[in-house]
Amino acid sequence: MSDLAGRRALVTGGSRGIGAGIARGLAAKGADVAITYERSADAAADVVRAIEAQGRRALAIQADSADPAAVKRSVDEAAAALGGLDILVNNAGIAGSGGLLADTSLADIDALLNVNVRAVVLASQAAIPHLGAGGRIVSIGSCLAERVPFGGVTVYSMTKSALLAFTRGLARELGPSDITVNLVQPGPIDTDMNPADGAQADVIRSFTATGRYGTPEDIAAAVAFLASPAARQITGTTITVDGGVNA
C-alpha cells in the first residue's frame, strides 16, 4: 500500500527503537522521511539506508531534543530538505534515571521535562507554519500517563500525562486548518532500552493482557494509520498500544 505517497515526514528520535520502526513504517507506506538523532549517528545512517532502499528520500539530522534551538532547526531543516512537511512525529523521549521522587535530582526532573514535554511543544510549534491542509502531528506518549502500576516513574509518567492535554488543546487550535493532532501511547515494547528478555521482563509482561511485549512495528502501524487519509476525522484522541496493560 502507498497511502502516504508523496507525503513528507519528520520523526524525532528516529535512529533507534520505536522511532526507527516508525520511520521505516512511514517509508513503507510511501512517505519521504527525515529523522533526528542525538548521538547514534551510525544507527541513524542505517535507518536512512533502509528508507532509501524502499525508494524513498531520507535524511538524518543531528539535534539534541533538550536544546530548544536545535529542535526548531531540525524541523526547518527537514522541511527545507524534503520540500515541505506533512507529518510530524514527536517520538524523542527519555526515561530518566528512575527511582523514587524523594531521590530524584533537579537535573533529572529538568531533563525529563525538557525532552518529553518542552521539545514536543517546540517541535509542534515550529512545524505549524510548514503544515498545510491534511497535515498530521502525532506524539508518542506512554500507557503510564493514565495508569501507574508501580513506583519509581512518577516524574516520567507526569511528563507523558502532559501530552494528553497538549494533544487535545492543539487539536482544537489546528482543526479549522484541517490538521489533526493525536497521541499514541505504547506499553512494553521490545527495544534495546526495554528488551523482552531483560531482567524485569517477566514482571513487566505480567502487567499485560496478551502476555507479550509489543514491537516497534506495532507502534509504527498506529502512527501510519493516524497519518493516513483514513484518519482524517480522528483528532484530539489517543490510541493506546499496550497489550492491555491499562485494561
Which atom names give the shortest non-hydrogen contact between [X] and [Y], and what distance separates them?
{"X": "Arg205", "Y": "Thr208", "result": "O-OG1, 2.7 Å"}
{"X": "Lys160", "Y": "Ile140", "result": "NZ-O, 3.2 Å"}
{"X": "Pro216", "Y": "Gly17", "result": "CB-O, 3.7 Å"}
{"X": "Asn91", "Y": "Gly13", "result": "ND2-O, 2.8 Å"}

Keeping the roles fixed (side chain from [X], backbone from [Y]), state whether a donor-acceptor pair exists under 3.5 Å.
{"X": "Asp218", "Y": "Val241", "value": "no"}
{"X": "Ser157", "Y": "Thr154", "value": "no"}
{"X": "Ser105", "Y": "Asp108", "value": "yes"}

Below 4.0 angstrom, N of the basic side chain to O of the carboxylate: do Asp32 and Arg8 qualify? no
Using 4.0 Å as the upper bound for N to carboxylate O, is an ion pair formed by Arg49 and Asp46? yes
Pair His130-Asp86, side-chain hydrogen bond (donor to acceptor under 3.5 Å, both in side chains): steps then yes or no: CA-CA 7 Å; His130 299 292; Asp86 304 293; over 6 Å; no
Starting from [Y], can I reach [X] by hopping between I/L/V/M/F/W/Y residues whose side chains sit under 4.5 Å apart?
{"X": "Ile239", "Y": "Ile18", "value": "yes"}
{"X": "Ile189", "Y": "Tyr156", "value": "no"}
{"X": "Met193", "Y": "Val245", "value": "no"}
{"X": "Val120", "Y": "Ile87", "value": "no"}

Going through the checks in order, is the side-chain hydrogen bond (donor to acceptor under 3.5 Å, both in side chains) test met by Asn90 and Ser124? CA-CA 8 Å; Asn90 290 306; Ser124 300; 3.1 Å; yes
Please tell me if the side chains of Ile137 and Thr180 come closer than 4.5 Å, counting only heavy atoms from C-beta onward. no
Side chains of Ile128 and Leu174 in contact at under 4.5 Å (non-hydrogen atoms): yes
Which pairs count as side-chain hydrogen bond (donor to acceptor under 3.5 Å, both in side chains) when at least one residue sits in residues 14-27, sequence neighbours excluded? Arg16-Asp192
By the definition side chain to side chain donor-acceptor pair (under 3.5 Å), identify the one residue from Asp190, Asn194, Asp197 that meets it with Tyr213. Asn194
Among Thr240, Asn246, Asp242, the one residue meeting side chain to side chain donor-acceptor pair (under 3.5 Å) with Gln185: Thr240
Quick check on Gln54: does its CD atom have over 12 non-hydrogen neighbours (other residues, nucleotides or ligands) under 6.0 Å away? yes
